[in-house]
Amino acid sequence: MSQPPWMRSAAGANVYDHDSGTVLPTIYERTTATANQHGAVNLGQGFPDQEGPAWLRQLAAEAVGTDAGPSNQYPPGLGFPWFREAVAEHQRRWYGVDLDPADQVMHATGATEAITASILAFAEPGSEVLAFEPFYDSYGAVVALAGAELRTVPLRAPDFRPDVAALRAAISERTSMILVNTPHNPTGTVFTDAEWEEIVRLARRHGVVVMSDEVYEHLVFDDAAAPHRTVLSVAGAEEVAVAIGSAGKSFSVTGWKVGWLTGSPELVNRVRGVKQFLSFCSGPAYQFAAAEGLRDDRGFFAENRARLREGRDRLMEGLTEAGFNAFAAEAGYFVLADARQLTERPAAEVAVELARDAGVAAIPVSSLTLPRTQQEAEDELNHLLRFAFCKRPETLEDAISRLQAWSRRR
Ligand code: PMP
Ligand code: GLN
């Protein structure tokens, strides 16, 4: 069988094995498999190693088990009306954005489906799609599936701010979309008002659609420079932007795959057109529990943020003591660390060594970028590792003592 056409794109480089001619699992699954194989502490794939709130899980369990409903049959393609109302109410309460739940909110099977449907809806074949780099891996794959080309603007250490002037320089009449992820995976950057306003101005001037992936919206730490704001709260954004959220991150239930998309009726309608031929619909009981949680999180968002911040601080300290140059994240699940004080080898190789010899799995940031050219081999993005801190304190302590022991042995 020949190589699948989209694998020939830049995005394919991270998941296609030319020797065996097979498509590989994502970097997240590969890293989890490597961690399991070596008995390593898994700070690679970003998922909490404890369950989300018991009351939320109880609501889903009751919803599956009771004849009072919601029914376990197909929900509407857009999601249940009360789910859409809960999302609209959440956006109003947190961001002051008014949305009509009838046609401005759509349920999706995780943020992943909302991302896929948005890109397939708006990225014209042959056009260019802009994203900040590193980027969530599905962006590159889906842009390629859409027959478009991904172009990137790097976020640079130490503060990983978006370079809006570079974005302005990269935009052209071929650009169909700008993909923004704020708070950002893996850097933790939270886009400021000024950065957002310029991105929206550019998008309006060039008639391109902005997709804003906001799955880490409730994981912004109290020392972040700015609070998170949804793109739809930026003046003029409603004509050009869609925003995406996820219960997986907001409630520590990453396997639930309850996502949502908001925007103008016209843009939501276009995305729905694709979404109805992907999953069509899913998870009635999870929609029920997520809707209840969005209406009243019972203090979970604040507790979770505080816990994650402690994890971030401890992991930063542990990585620094082990000899890495670690960067503070304003939000999210991850600390980035440069390994060059320890070794000149690229992070992709260091990650293999860490899993095998230190017993700690991490993700090389080069898996979340376009493949680097030869000249770019020295690029700092090739030397960064991503460590997840969304883990219990004892898991982090175990990882830190292993990393420090490894560092001492070198
Ligand atoms: N976007 C980003 C930036 C992510 O990190 C993730 C993974 N959590 C997703 C989207 C996917 O979210 P979901 O699990 O809801 O599909
Ligand atoms: N979002 C998670 C991460 O960035 C993992 C998602 C996945 O496994 N596809 O680690």
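These figures come from a predicted structure and were not determined experimentally. Both ligands and their constituent atoms are indexed starting at 1 by order of listing.
Under a 4.0 Å heavy-atom criterion, Trp256 is not in contact with ligand 1.
Taking distance alone, with nitrogen or oxygen atoms compared against 3.5 Å, Phe334 stays at or beyond that limit from ligand 2. For ligand 1, the polar-atom distance check finds an N/O of Tyr216 within less than 3.5 Å of one of the ligand's N/O atoms.
The closest side-chain heavy-atom distance from Pro162 to Leu167 is not below 4.5 Å.
Residue-level proximity to ligand 2 for Ile363 is absent, since no heavy atom of it falls below 4.0 angstrom. Contact annotation: for Ile115 versus ligand 1, heavy atoms closer than 4.0 Å belong to the side chain alone. When non-hydrogen atoms are compared, ligand 2 lies under 4.0 Å from the side chain of Tyr136 (C-beta onward) but not from its backbone.
In this structure a side-chain-to-backbone donor-acceptor pair under 3.5 Å is missing from Arg314 to Pro393. A distance-only check finds a donor-acceptor pair linking the side chain of Glu133 to the backbone of Leu370 [under 3.5 Å].
Taking the ring centre of Phe47 as origin, the terminal cationic atom of Lys391 falls inside the region bounded by 6.0 Å and 45° from the ring axis.
Below 4.0 Å from some heavy atom of Asn181 lie the following atoms of ligand 1, by number and element: 3 (C). Close contacts between ligand 1 and Gly110 involve ligand atoms 15 (O), 16 (O) [criterion: under 4.0 Å to a heavy atom]. Residue contact check: Lys257 has heavy atoms under 4.0 Å from atoms 13 (P), 14 (O), 16 (O) of ligand 1.
Ring to ring, His228 and Tyr95 are close: their centroids are under 6.0 angstrom apart.
Protein heavy atom at the shortest distance from atom 10 (O) of ligand 2 is Arg386 NH2, 2.6 Å.
Around atom 10 (C) of ligand 1, the closest heavy atom drawn from Asp137, Asp213, Thr254 belongs to Asp213.
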